[in-house]
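Here's the structure we're looking at; comments come further down.
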Amino acid sequence: MASRAILWIAIAVVVIAIIGGLAWYLSRETAQETAQTPQALQPTGEKEGCVIKIGFTTSLTGKLQKESAEQLNGIKLWADEVNSKGGIKLPDGRKCTVKLVYYDDESKSARVQELYQKLITDDKVDYLISPYSSGLTAAAAAVTDGYHKVMIATGAASDSIFTKGYQYVYQLYTPASRYMTSAVDLLLELDQSNKKVALLFENSKFAKSVASATKAYLEEKGFQIVYEDYYPPGTTDFATYIAKISASGATALLGGGHFQDGFNLVKQLYSANIKSIKYVAILVAPPEPAFAELGDAAVGVIGPSQWEPGVKYSPEAAKKLGIEWYGPTVDEFVKAYKSKYGKTPGYHAAGGYAAGLVLQYVIEKAGLDTEKAKEILDNLDIMTFWGRIKFYKEADKHGLQIGHSMVLVQWQKTDGKLTKVIVYPEAAAEAKAVYPIPWSK
Amino acid sequence: MSVVLRVENVYKSFGGVKALEGVSMTVNEGMILGLIGPNGAGKTTLFNVITGYYKPDKGRVELFGRDVTGWPTHKIAQLGVARTFQIPKPFPDLTVFENVLVSIKFSSRKLSEQEAAEEAKRILEFLGLDSHAHMLASQLNVALEKRLELARALARQPRLLLLDEVLAGLNPSEVAYMLEKIKRAKQEFGLTIVMIEHVMHAVMNIADRIVVLHLGKKLAEGTPEEIARDPRVIEAYLGDPKLALAFVERLSSKKR
Amino acid sequence: MESILEIDNLHTGYGKIPVLWGVSLRVEKGSITALIGSNGAGKTTTLRAIVGVLPTWKGRIVFMGEDVTKTPSYLRVEKGIVLVPEGRGIFPQMTVYENLLMGAFNRRARSKIGDSLERVFNIFPRLKERLNQKAGTLSGGEQQMLAIARGLMALPKLLMVDEASLGLAPKLAIEIMELIKRIREEEGISILVVEQNVHYALNIADYAYVLETGRIRMEGPANEIAKNPEIIRAYLGMH
Amino acid sequence: MVVSPELIMGGLVSGIIIGSLYGLAALGLSIIWGVLKVVNLSHGALIALSMYLVYTLSVMYGVPLPVALLASILTGFLLGIAAYYLFVHRVLGGPELASLLSTFGFGLIILGILELAFGGIARTIPVSQHVIEVGHAPIMLVQIIGAIIAVAVAVGAYLLLYRTWFGRAVRAVVMNAEASALMGVNVVRVLALSFTLGVLFAVTAGSLLSLAYSFTPETGTKYELYSFTIVVLGGLGNPLGSLVGGIILGIAEQLTSVIVSGSWGPLVAFLILLVMLIVRPTGLFAKL
Amino acid sequence: MEAKNILRELARGRMITNITVAAIILALLTIGIGSLYSETLSYYRETLSTFMMLFSVVLGLNIILGYTGYVSFGHAVFFGIGGYTAMVLMYYYGVNVYLAMIIAALAAMAAAQAIGFIVLRLRGAYFAIATIAVLEAFRVIVSNVEYLGGSEGLQLEASYYTGYSIAGYRGQMSVHYIAYFLLLGTVTLGLLLNLYVSRSQFGAGLRAIREDEDAAEAIGINTWKFKTLAYVLSSITPALAGAIIAWKRNIVLPEEFFSLTLSIESIISVMLGGAGTVLGTVTGTAIYHTVKTIFLTSFPSLHLIIFGITIAFIAEVLPMGIIGWLRLMSTRLRFLLE
């Protein structure tokens, strides 16, 4: 008995050693990466070297891992660019480098609160960026606002965070209430007679809040909602939902939730070949490059996106609006991102970079004075590669994003090749929207 | 003499197999009743009916003059009935001491912690288990396990004790030891005992009366002498009447 | 006479608790040997050790001249050591036919199923009538017959029957005993019986061993043992 | 919205088709639970693993799909044997908690590997999107093929258990392990093979499901939870019971979706499970 | 051994446990008070809050799993019921957190009585599966009922917190401090409950049920009543923790409050230390929480795999847990390690 136990312990030790070694080997890469930052921190400033600490958590593990990783890439790119230029110039003339302090939150709000506390009190960071997702950001805000620390919320589209009376949290994303409204606007533009809408969203926090806002907007615009249902998270089969949509006589479908279910929904919708449906807009899934795996099924599907590499925000556009342009152009950002990570940035990455950019703007104007930073943010109205950024300043929805708006992408087939193009708003559009969706012909 | 246990016309069957078919018997206060019969005769089933594990299909069970048919086991136990199990069921991850202590705690007596521990110790000493008090019950051998089974039953200070083959698997000296203890326990605790037993000489020696079950029916009842001479019993139980008679002779001669 | 099974100084038990303290016995080829003794003496344990479902702690088991002490039980069955267990151990949710097929599970027996079935039905015609009945619904006597029949399906060279008369009415028990005797006569299989009922066992056996608390107390031709008053001491544990 | 008989019909048919796949997924859990008395909490992870095996082979390495499916199933077989000796053998006959935890641990290891290798993004295997429409409900051809295979596997499993030497040995071990040993059955080997068989069914189900839907490492969880219900519904170790149980669950889920709302679907599954556990924990059908 | 000696050993064991428990509570209290005045302790305050949240569930679970032997695989259901009850009271009726906690605990106890009536008639794996089903059923119901916020959950306004203050911290700022002390109170209550169960006649009865339910009946234990009561007691601290966390985090979400992960984490904690011992729960939860934190930060991408190996290892080699194993090693330790 005992000898067997020893054997087992031995096996376990060996296995753990192997895995540990593997882990060390795999983590070497990231370790080197972080090791570079202090090198870049060498004092280059005129007076004395100083370091600005930016803190946040990111979901290296758990269900938000993928989106979070891209957001982190964006933030890292920003920090590298700033540091390679010697840092940010403060109002007092000092030039300070940026140090990112971040931890893994496992996609769990319990960890988020623990870690933001650590960032503020232990690591004594100067400014904060939110974790990815609304749920985690809500949890983080409950900690950070009490300490009067400015937090730029990126990857968090929920409206409700900003109705809680927080004073130091600022949202970069277009809020959920406006997530799908442009898809409704586009439909109005394309076809005045298409009024029978089916709503099929995931029964999850984010999708549900988009759904209720969209529903209200549809009703306001005189649409008739002929079908409304919510599917449980993790749903893979949509046959009965599609049957009911088909039977409802809907001519447009708005819905979705996460990538996987949106993907399956479109796949099965296409196979079902419901001729009556002329317009399909799906949450989250379409902007993902992996959506192209659907092939023909993807053609004509529209999806709202916070940002796309093809957006047409430019200093000229800013000038037209009479607001300041700040930071790199869209092309500069895309090029820099591509050269660092070898792939085209998506909106999560862009959001991460933009969060850094906003902080950079604030630091240049306000230094490390939080109250001053708050004042600047409250009155901010600029345009960047991310688009227009302006926050709601009254207490009832303080910090809510009101400047930025979504773009709509549509998968189109040009010369037999499947591509994702921006179709709305007109100012940003790369091509005209295909209508009706090809399968209904 | 008051009647402690009365079983009346009890039937019990399991999915078509008739385990008990109209068994009746009466146990008076202070007696030891032996319950014998070949394996599968329904003896343990009868115990389970008396202690409330099984509800009889028909018939009634009376304890201390109260009809307890269909009562839950713990309520019957609280009336002052203790039993041992054919396959001992000690609480394996508790020590011998803890096993007895638990049993004391749930007897009707109200004892302080100190008194309960003293009582447990007394019972362990009585059964010669004091040197094993700190062993886990799962580490005991069969003989000690059987003693613990008895200790736990006695710890309840019962009025009626049901023993299910407490001697099975013991060697002759262990059997003698147990018999001695059962006799002494009967005196000291003022017990009434019903015992299922296969070790014939033991039951013949110790029982005041014997009931023979066979295929779920009561085959015979009487004093050990009567039972030993009953040809039906001999036929059913031992097979060869001649052989059986031979040992009854020996038995009688030894008693004298 | 040639012996089919020889056990030398067998020690075994359950967990750490010893039950057998050096049992030695022989079964002659073609004989019926009885192993009797009181409850808990170790009779069933002996049989389980012989068939190999209990490991041997010490001692030797030789079957047909071959040492099988270390052979796993499923290979011993294939060599022809077959035990009809106490409590019958039939498979209640299987039909009678499937139970019989399970009997012929070992490779040697599988190829001769047709013959075996015929022979078994010859001895137990009642089973043939209930071929598709669930074994669990048979009466006690029929279950015992099925258990023995299933044992025969394995083409045993040594058939061990544990407590065949258990829980049976005397008439039925006698019938079973006669069947066991008939099996020896018609099939020439060596048989080792364990019985709680001394009379039954000694009646059909040629030779008998008396087991007491894990040791052999006595042995001899069955008819002599039957007459020996000492048997009462051993069997009933009297002093 | 009016629920027309046509929609009900569609719900019924898709319930039967999807239910057959649930049944197939449950079959593996059922065999292991029925024979070894172990609730295999790595079941969902194994289902997910097989999906990624098919994906890796057919999408990443371009192996023809049928070959990829067979290879995935074969890997499941080898994995099953290894897993039995590493994670199950030692905890057999012990307290439930030990086997629950050790199989759960095994599941975590698989999930960890999948997360590490593939991350959280959904993957999909491109196959024909042809559908057949019943009562407006689009039913994919691959689903129908899957359902047919599910029925075939269930019937095959039934025949295996009731018509072969191995199957009889398995059932014998379930009823009385010691008596089976006395018949010359190598009990440990039967247990190991039964576990492997269970794993085999799980990976078969996973491989088929991977063709119909996209998947992530967590996809298996839903099938695992549903499988509990189905096994309790259909009786432990009974292949046809699993199939019928799966179909009952599929119909219940799809009809809930048609008549009430899809978001209540899972509740129906858990309520069926609770009611069954209380009313008839042995299942609707005889166990093995 | 003399009965007196046994009693002395027992008393000594109890003293060791008492001192350990008291020391733990005091240490936690010190850190809590310290963090009011020293910012550097704040991080530990938050880590310990997370630890105490898990510990509260573990302490409840230990009563039903450790002492009674029923493997409740979905014990987080009471955490969820507590959290949601409290949130409904706070959100709709503006009830303060203290009252909400008490009502949440009562609601969970009532729920335990009802759930127990259904599931406690099952044993072993069936019981485990049934508790998972109950947990999942609650999650689905909650995410579909609009009154409970559906899948969007319910979130408190920042203004709700204005009335709260501690040592100069007000509103939102005070929440984390107050929650820490409330969690500490819950943990203290849980430890006392566990100590009571481990030392009382009631606990002796539960152990008897765990060891052999039939034999327990035979010595006069009303097993149904006992195990129902144990289940009800086991729901209290998880519910309190749920209520506090709902208040602290200002939001309740179905998947975070009816979480299978939390259930399984608490089972592993109980198992690691040794089920059915007070010291085991402390040891197990502390080790689990620490090791997990280390794994997570040191091997972020491999922690699932390492975790799986660890769990399987415990189940196969150390099924009694660390304290349980030590207790088995010697009878002296058995009395000392309660």
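Just the heavy atoms: all of them, side chains too, but no hydrogens, waters or symmetry mates, feed the values below. Here is the naming used below: chain letters follow the sequence lines, and residue numbers restart at 1 for every chain.
Proximity to chain A (any heavy atom under 4.5 Å) is restricted, for E:Ser159, to the backbone atoms N, CA, C and O. Contacts of A:Ser212 with chain E are made by side-chain atoms alone, with heavy-atom separations under 4.5 Å and no backbone atom involved. At a 4.5 Å heavy-atom cutoff, A:Tyr230 makes no contact with chain E through either its backbone or its side chain. In this structure, no portion of E:Arg170 lies under 4.5 Å from any heavy atom of chain A. For a residue to count as touching a neighbouring chain, one of its non-hydrogen atoms must lie under 4.5 Å from one of that chain's; by this rule E:Gln155 touches chain A with backbone and side chain alike. Only the backbone of E:Leu156 comes within contact range of chain A, with at least one heavy atom under 4.5 Å from a heavy atom of that chain. For a residue to count as touching a neighbouring chain, one of its non-hydrogen atoms must lie under 4.5 Å from one of that chain's; by this rule A:Asp145 does not touch chain E. Contact annotation for A:Val143: both backbone and side-chain heavy atoms come within less than 4.5 Å of a heavy atom of chain E.
Of the residues considered (E:Arg45, E:Arg249, E:Met53), E:Arg249 shows the highest number of contacts with chain A, using heavy-atom pairs under 4.5 Å. Ranked by heavy-atom pairs under 4.5 Å with chain E, the list A:Lys205, A:Glu202, A:Lys124 is led by A:Lys205.
Atom CD of residue E:Glu152 and atom OG of residue A:Ser158 lie 8.0 Å apart, to the nearest 0.5 angstrom. Rounding to the nearest 0.5 Å gives a distance of 12.0 Å between OG1 of E:Thr47 and CD of A:Gln113. Atom OG of A:Ser160 and atom CD1 of E:Ile251 lie 6.0 Å apart (nearest 0.5 Å). Separating the NZ atom in A:Lys108 from the CG atom in E:Leu262 is a distance of 9.0 Å, to the nearest 0.5 Å. Note: A:Tyr116 OH to E:His176 NE2 = 13.5 Å, rounded to the nearest 0.5 Å.
A:Lys164 contributes no side-chain N or O that, together with a main-chain N or O of E:Asn250, makes up a donor-acceptor pair within less than 3.5 Å. The closest donor-acceptor contact from the side chain of A:Asn203 to the backbone of E:Ser143 lies under 3.5 Å.
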Tell me, with the steps shown, if E:Glu46 and A:Lys118 meet side chain to side chain contact (heavy atoms under 4.5 Å, CB included). CA-CA 8 Å; E:Glu46 282 306 301; A:Lys118 181 175 161 63; over 6 Å; no
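Within a 6.0 Å radius of CZ in E:Phe51, other residues, nucleotides and ligands contribute more than 12 heavy atoms. The environment of A:Lys397 atom NZ is sparse: at most 12 non-hydrogen atoms of other residues, nucleotides or ligands sit within 6.0 angstrom.
Residues E:Lys292 and A:Glu106 are paired through a salt bridge, judged by an N-O separation under 4.0 Å between the basic side chain and the carboxylate.
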